[in-house]
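Below is one structure, written out as structure tokens, with a few remarks after it.
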Amino acid sequence: MSEGIFNDYGSYLRSFFPDFKVQKLSVNVGLTCPNRDGSKGRGGCTYCLNSSFSPRYVGKGGVTQQLEAGKCFFGEKYPNMKYLAYFQSYTNTYSSLEHLVALYEEALATPDIVGLVVATRPDCVEPDVLDYLAEVSRRKFVAIEFGVESTLDTTLERVHRGHTFKEAEAAIRATADRGIMVGAHLIIGLPGEGLLDFETHIDRLSKLPITTLKLHQLQILKGTIMAHQYLEHPEEFGLFTPEEYVEVICQLLRRLPRRIYVDRFVSQSPPELLIAPKWGWKNYQFVHLVERRMLENGWQQGDLLI
Ligand code: SF4
């Protein structure tokens, strides 16, 4: 139903793979993160609890084993499905070129894997890794997803990201210049930010050569630095009700150019890890509400730009 209202990730994948369904399969290859191992920082980003964003089938065994487990998980329902290996957890360009090539090539050699999606930090993409991925992108689907999270350096500093927005801009341009598709990830609702700031994020990212945008609401997870901050000063966190978040997302979509595909709007962490907000909604339920609100008001992605 989203077609016409906004450009979703499904239509993005269909434009590359018109003949079969494609699903991202997460793999955790045990790479760490410079914001955790001491080269940038030790505690990580204040909101980060990495175990919260790996599906259940992930993390056991090597790349092939994890991808095969993921294929079993989805393949029962969709026997003709093909897959993108999604290097999701931590910083998936943070290793030597030799090691990274071995991991990526193992994924590409797995039957039914039709491409790579690599999630990383903007300050962690060396030119040799980009050159290699550019070469792969001439034979396979390749996208790099950058955790931008905010375009305000004050916020990036406050949440201990350990990089600036300028670094994100440079990484996005260096990647797109090589012909590799770029995704950007934003967290909506970081402390100190409001609707005008979220709109600034969208406007700034819209000027960059990104193809996809992934949004999610701020979640306070147990065991994070932010969990302590939240419990001490909940008044500093303007967490949304679902209705408020639907409205924010609609307004952001309205200023997002049509050339950018929207990957998702919400993230759903395991309930046992989540402190707040406890919505209990799945992405598809949220998408439905956004579509309805957009439709009822005659809104569309990018209509404010016309
Ligand atoms: S959110 Fe990403 S960059 Fe931040 S500490 Fe966690 S893994 Fe590292």
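Heads up: numbering here begins at 1 and tracks the sequence. Atoms within each ligand, like the ligands themselves, are counted from 1 in listed order. Just the heavy atoms: all of them, side chains too, but no hydrogens, waters or symmetry mates, feed the values below.
- Atoms of ligand 1 lying under 4.0 Å from at least one heavy atom of G44, given by number and element, are 5 (S).
- The backbone N or O of T154 sits nowhere less than 3.5 Å from a side-chain atom of E157 that would complete a donor-acceptor pair.
- At a cut-off of 2.8 Å, C33 is not counted among the residues with an N, O or S atom near atom 6 (Fe) of ligand 1.
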Q: Using the side chain to side chain contact (heavy atoms under 4.5 Å, CB included) rule, take E145 and V117 through it: C-alpha gap first, then chi angles, then the decisive distance, then the call.
A: CA-CA 7 Å; E145 288 182 1; V117 180; 3.5 Å; yes

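- Interface atoms of ligand 1 facing R121, defined by a heavy-atom separation under 4.0 Å, are 3 (S).
- Within the 3.5 Å criterion, the main-chain N or O of S39 finds a donor-acceptor partner in the side chain of D37.
- Atom numbering of ligand 1 starts at 1 in the shown order; those under 4.0 Å from a heavy atom of C45 are 1 (S), 3 (S), 4 (Fe), 5 (S).
- Atoms of ligand 1 lying under 4.0 Å from at least one heavy atom of Y90, given by number and element, are 7 (S).
- A salt bridge is absent between E167 and R161; no separation between the charged side-chain nitrogens and carboxylate oxygens falls under 4.0 Å.
- Using a 4.0 Å cut-off between charged side-chain N and carboxylate O, K71 and E68 make a salt bridge.
- Residue R161 has at least one heavy-atom neighbour below 4.0 Å for each of these atoms of ligand 1: 1 (S), 3 (S), 4 (Fe).
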